[in-house]
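First up is the structure itself, then whatever we jot down about it.
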Amino acid sequence: MIRKRPNDRSTNRQQRSSLWQKCTNLRALKQVHASMVVNGFNSNYSAIRELIFCGAMAISGTIDYAHQVFDHVSEPDNFLWNTMIRGSAQSQCPLNAVLLYTRMENRHARPDDFTFPFVLKACTKLSWVKMGMGIHGKVVRFGFESNTFVRNTLIYFHANCGDLRIASALFDDSAKRDVVPWSALTAGYARRGKLDVARRLFDEMPFKDLVSWNVMITGYAKQGEMESARKLFDEVPKRDVVTWNAMIAGYVLCGSNEQALQMFEEMRSLGEKPDEVTMLSLLSACADIGDLDVGQKIHSALLEMGSGDMSIILGNAVIDMYSKCGSIERALEVFRRMRDKDVSSWNSVIGGLAFHGHSEESVNLFKEMRRLKVRPNEITFVGVLVACSHAGKVEEGRGYFNLMRIVYRIEPNIKHYGCMVDLLGRAGILNEAFEFIEKMEIAPNAIVWRTLLGACRVHGNVELGRRANERLLEMRRDESGDFVLLSNIYASRGEWQGVEEVRKLMDDSGVKKEAGCSLVEADNSSLMHFLFDSKPKSR
DNA sequence: AGCGATACTA
């Protein structure tokens, strides 16, 4: 792949940069790396640097690979550190950016004015206020507080998750109050729900650019104020794909999926090109309303658009859409065609198959995944355990539960316990299911007890059912934090439907005392809802 | 030296 042309340096350089440009996915990246090793470029620092830059920045979803390569560099310079921190900050796991920064300090590499904006961005994404404050301290200590970029990112951090007063003070003290810090502050106020302050800032801006408008539109859209958003959208002097995306995402967020799709049509008819973000919103809308037809159309639009391969995240969204729209076959087809996969891709199909009752295939895929050395995560095991539960494979399920804990060192969460109770309960091993709940290391929630209750009913075990019922009522009696907690989790993620669900759970105290479990549904649909109805996450 | 700040996804 790489041919040496010792007499022509400029061609060589050009050729290399075009080579890196052709690197658009993990496979290509690995190929280039391999040929670097073969051709002896592996000790060439500038080649390594480009490789890492490519993995960390140019291609999405390849940051892990960049990490692997980076770990072998004995003395990375600031450019490499910064590139890795930057790439990690914008990845799924921004925590790595902070870890890298710590490593950097421990190795006595001196952070520079490029380093801090990236670390601060990671802190913002993580909403890690304490760490962000600490980094702010470092900024001061290293003397970068007056650097425009660093300062603007500090404003961005404090405005979005820290102290709005600090953000305002930093902004007021700025020598240059141009659009960037102004918009950052505005976005912060909007995100904190202070739309009136945000709007005032927006109106007072001496100069507005496209981003300022997008900030305000997004602010309204995220708070569900779609009328106000729409008003600004109609006023805006110029639109770009982000403007459209903000509107579409806003409609999806408040459940107006039809509006979102309509917006998409309008966008296309006006000649604005949708991008990955657009498609992700739309796919999630389709998955939400279970609209297979439109989902399919989005998928084919995607195939027409894409010059190369779909990104992993987009592929996962397509799989998820098909899976949630009930077409597990198509989900599998897309999965099989996908060249680069990550855990989420596997999770979607393993979970989808399990949910649709294809237990055997689900477990087989899990085995295949392990064979290919893809590390399963906690979500994977929810799928696998559901598959075992469906198929009544008690021993296998127990085995996987232990595999998760012992081999992969994943602490079981409430969903895993729910699966196990369902597994044991369905098989009629009720006493053990009961003991299982009692021995849980985390507090059981109502869904777990209701699952057991349902099993007791199916198997006609009145005595245990009564005890489970008591626990359920107890939980309600002391207004256990569980409901509040669960409902908070839902609310913080904007899943209002989930909140309603919890409210409903709280309302119907489940069961009447003497009636045993007569009011409990026989099927476990609420458990399945609990297990699968959250958005897929990769990590 | 080369990388950098605000908006849309998760």
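In the text below, chain A, chain B and the rest are named by the order of the sequence lines, each starting its count at 1. Only this structure's heavy atoms are used, side chains among them; waters, hydrogens and symmetry mates stay out.
In this structure, Asp112(A) atom CG and dG2(B) atom P are separated by 12 Å, rounded to whole Å. The nearest whole Å value for the distance from the CG atom in Asp209(A) to the P atom in dC8(B) is 14 Å. Atom NZ in Lys176(A) sits about 15 Å away from atom P in dA5(B), given to the nearest Å. The distance from atom CG of Leu210(A) to atom P of dT6(B) is 15 Å, rounded to the nearest whole Å. Residue Glu276(A) contributes atom CD, which lies 13 Å from atom P of dT9(B) at whole-angstrom precision. If you take CE of Met205(A) and P of dA7(B), they are 12 Å apart, rounded to a whole angstrom. Rounded to a whole Å, the CD atom of Glu50(A) is 15 Å from the P atom of dG2(B). Going from atom CD1 of Ile63(A) over to atom P of dA10(B) covers 21 Å, rounded to whole Å.
Nucleic acid contact for Val179(A): base, since at least one base atom lies under 4.0 Å from a heavy atom of the residue. Residue contacts for Val211(A): at a heavy-atom cut-off of 4.0 Å it reaches a base atom on one of the strands shown. Contact annotation for Phe118(A): base contact, defined as any heavy-atom pair under 4.0 Å involving a base atom. Arg151(A) comes within 4.0 angstrom of nothing in the nucleic acid, heavy atoms only. At a threshold of 4.0 angstrom between heavy atoms, the contacts of Asp77(A) include nucleobase atoms, whether or not backbone atoms are also involved.
Between Lys222(A) and dC8(B), a side-chain N or O to OP1/OP2 separation shorter than 4.0 Å is present. Arg191(A) has a side-chain polar atom (N or O) that falls below the 4.0 Å cut-off from OP1 or OP2 of dC8(B). Contact check, Lys121(A) against dT6(B): a side-chain N or O comes under 4.0 Å of OP1 or OP2. The phosphate of dT6(B) (OP1 or OP2) has no side-chain N or O of Lys208(A) nearer than 4.0 angstrom. A sub-4.0 Å separation between OP1 or OP2 of dG4(B) and a side-chain N or O of Arg86(A) is present.
By the 6.0 Å and 45° rule, Lys121(A) does not stack over the aromatic ring of Phe157(A). Both tests do not hold together for Arg375(A) against Tyr408(A): distance to the six-membered ring centre under 6.0 Å, angle to the ring axis within 45°.
Nearest to the side chain of Phe114(A), among dA1(B), dC3(B), dA7(B), sits dC3(B). When the nucleotides dA7(B), dG4(B), dT9(B) are ranked by their closest atom to the side chain of Pro117(A), dG4(B) comes out on top. Counting only heavy atoms from C-beta on, Val242(A) has its side chain closest to dA7(B) among dA7(B), dA5(B), dT9(B). In this structure, the nucleotide among dA7(B), dG4(B), dT9(B) sitting nearest to the side chain of Ala187(A) is dA7(B).
Ring orientation note: the planes of Phe355(A) and Phe532(A) are nearly perpendicular, at an angle over 60° on the 30°/60° scale.
Applying the salt bridge (Lys or Arg N to Asp or Glu O under 4.0 Å) rule to pairs touching residues 75-104 of chain A yields Asp71(A)-Arg103(A), sequence neighbours excluded. The side-chain hydrogen bond (donor to acceptor under 3.5 Å, both in side chains) pairs that include a residue from residues 251-262 of chain A number zero, where partners must be two or more places apart or lie in different chains.
In this model, a donor atom of one side chain and an acceptor atom of the other lie less than 3.5 Å apart for His416(A) and Asn413(A).
Ring-to-base geometry does not place Tyr156(A) in a stacked arrangement with dA5(B) (centre distance under 5.5 Å, plane angle under 30° required). Stacking of Phe149(A) onto the six-membered ring of dA5(B) is not present when judged by under 5.5 angstrom between centres and under 30° between planes.
Along DNA chain B, the nucleotide nearest to Val150(A) and the one nearest to Thr278(A) differ in position, and the one closer to the 5' end is contacted by Val150(A).
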